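Below is one structure, written out as structure tokens; comments come after it.
All of these numbers come straight from a predicted model, not from anything done at the bench. In listed order, ligands and their atoms are each counted from 1.
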Amino acid sequence: MPEIKKAAKAPKLADPVAATIDVASQQMIARAHELGVETIFDRAEQMKPCNIGIQGTCCKNCAMGPCRLPLPKAGIEGKDERKGLCGATANTIAARNFLRMIAAGAAAHSDHGRNVAEVFMSAARKETEAYKIKDTFKLRSVAEALGVDITVEVDGEVKARDIDEIAVETAEKALSEWGKPDGELIYAKRAPAPLYEKWKKAGVVPRNIDREIVESMHRTHMGVDQDYKNLMKQGTRAALADGWGGSMLATDMQDIIFGTPYPLQAEVNLGVMKADHVNIIIHGHEPVLSEMIVAVAQSQEMIDYAKSKGTKGIQLSGICCTANELLQRHGVPPAGTFLQQELAIITGACDAMVVDVQCVMQNLANVAKCFHTKLITTHPIAKMEQDNVIHIEFDEHHALEDAKKIVKMAIDNFENRGAEVMIPKQKATQIAGFGVESIQYHLGGTFRGSYYTLNDNIINGRIRGVAGVVGCNNARTRHNEAHIQVVKELIKNDVLVLTTGCNGIACAMEGLLTPEAAAVYCGPGLAEVCETVGIPPVLHMGSCVDNSRILLAATEMVKAGGLGNDISDLPAAGSAPEWMSEKAISIGQYFVASGVYTVFGLHLPVAGAPVFQDYLFNEFEKLYGGMWDLEADPIKHAQKMIAHIDKKRKALGIDKARDRVLMDMADRQALEA
Ligand code: SF4
Ligand code: MSK
């Protein structure tokens, strides 16, 4: 009898509407199904996460494992007897895993920072034509923060020091923060003094950036640190080395060589791509190469070349944080968030996608294979195995030549486009490019040169508090839904939102990054302030490394007075509603250790170790004033943040002031002064 073959079961595909709230993305997911192209949304349907890994209690730190310690369905009654082969408890395993996530996240941000510092050094030494010191004002302020003299005494007279000398010494000082043999991270002292003292007392002031990451890996090796509290002491130190170290240095060095961002207008979403233009999408995190691509793509030579090939010009756009970097300095429009990277290629109109590091999905290569798109990796540490991927290794010493080669390749590829291009129409307008300096300009006191007006509006209750809402997308939840619900709930309750990363892009797509959004979505107090000052209720402060800008903005609020002596006194909270990256765990930990109550969405890999979880969620507050929390429901998530903000308002004695939300003419004039 002939063998009867069973028809292969068709793999389950994502429901576009259930997968994302964004109409453009829904269209592209449906389009992918039509064309038979698989995306992350489909794979999320076909593969479920490991039930033990998600709880944080799977250890594979030696070859006797993996040892898997799920939480019993009934919970733990009395003593927790669970242990791995070596005897590691659930707390040890979850804490080691958590620390490794922090170390990986801190490494990613900090290695990015080191690369930028090296380019800054080349620029300071004038070894490269492509990069120059662009912002000398920022250079001087960073030099001072690093303890570099910006003045010199000549014949008893104090004079401004030569800017080139300042630049070289600042670059040297910055680079030594990664591996100096003694001392402590210089930027730790940028924090409010009481916070620095807390860190000192807890023994968590970072020594140098690399050392904290190396020690984290050592401590989590089999048979080393087996005390969850001691492990998290190192977790705190490594995370602080990221937030107040590698990330902060990355932001500062980028501002010096590429310019400090100031508010500007741009568009966002897949609709920014143009059918009659060469579309180049830059994706990843380090702006070192993409800054050059912007320069080259805007050159007349390349525009003419593109036109000679029958196109109307070159349309640059971005994905993830390279997008945010170029958005905040040049107004280059983001085409989408992390979860839209495959969809941008599925438009059929992406002539080249140029990627650097972090958050770049390997499946891009498989999607690109179905279209004409050239997928170009550029970083020596980030290649892909698929044979359709082109590697053009970027080097700051021949940066412009590399950028030209890439732009030319994209232009030449235009003629290979298939007939069926489908670019969604959806796009929105946004104002982005806020930073410590521009918030001071918009919300600072004209004469006091500080965050006086912001603080005053918090004290008088027009602004209830400030929230940092940041982070990724996660294919395990509906794309952008939690981001938008959390942020809308916050601004509805008069909480000013500072955003970075993919949350910033998501908010822009929803139209929340415009001053006009204030009248539509905000409570009366916040709306009044935004309308008077002309700012959006959600301030986009840049990329993932730019979370350091939020730390410094919080520090400026403390300095401006009236809201306590430390970041933990501020009516403020942090959030990452759709996190997925290890960098998010490092960011969460440095926010917490800086005194911020920080709520994550979805789940945290600590649920399988309830004692360790309680340490993070409750005990941490006693050490640093900040603590972790978890809430998957976006409205409850925002309400928890608001409750914390109200708790801080009460402690400051400003909880009654919220009655006074209506402005009279005198208030308005005072605000405008
Ligand atoms: Fe198992 Fe211990 Fe090895 Fe981890 S370190 S895999 S718990 S034996
Ligand atoms: S890009 S780290 S998905 S925010 Fe910075 Fe977005 Fe998260 Fe990557």
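The pair E267-K427 meets the salt-bridge criterion, with a side-chain N (NZ, NE, NH1 or NH2) lying under 4.0 Å from an Asp/Glu carboxylate O. Checked for salt-bridge contact, E342 and R43 meet the test: a charged N lies under 4.0 Å from a carboxylate O. A salt bridge is absent between D227 and K229; no separation between the charged side-chain nitrogens and carboxylate oxygens falls under 4.0 Å.
Side chains of Q341 and H283: a donor on one and an acceptor on the other come within 3.5 Å.
In terms of protein heavy-atom proximity, atom 1 (Fe) of ligand 1 is nearest to C67 SG, 2.3 Å. For atom 3 (Fe) of ligand 1, the nearest protein heavy atom (residue, atom name, distance) is C62 SG, 2.3 Å. Atom 2 (Fe) of ligand 1 has C86 SG, 2.3 Å as its closest protein atom, hydrogens excluded (heavy atom only). Of the protein's non-hydrogen atoms, C59 SG, 2.3 Å is the one closest to atom 4 (Fe) of ligand 1. The protein heavy atom nearest to atom 5 (S) of ligand 1 is M222 CG, 3.4 Å.
Between F600 and W579, the ring-plane angle classifies as tilted under the 30° and 60° cut-offs.
Taking 2.8 Å as the criterion, C472 counts as a coordinating residue of atom 7 (Fe) of ligand 2, since one of its N, O or S atoms falls below it. Note on C359: counted as a metal contact of atom 8 (Fe) of ligand 2, an N/O/S atom lying under 2.8 Å.
Counting heavy atoms under 4.0 Å from ligand 2, residue M580 touches it through the side chain alone.
Using a 4.0 angstrom heavy-atom cutoff, R96 counts as in contact with ligand 1. Contact analysis leaves S543 out of contact with ligand 2, as no non-hydrogen atom separation drops below 4.0 angstrom.
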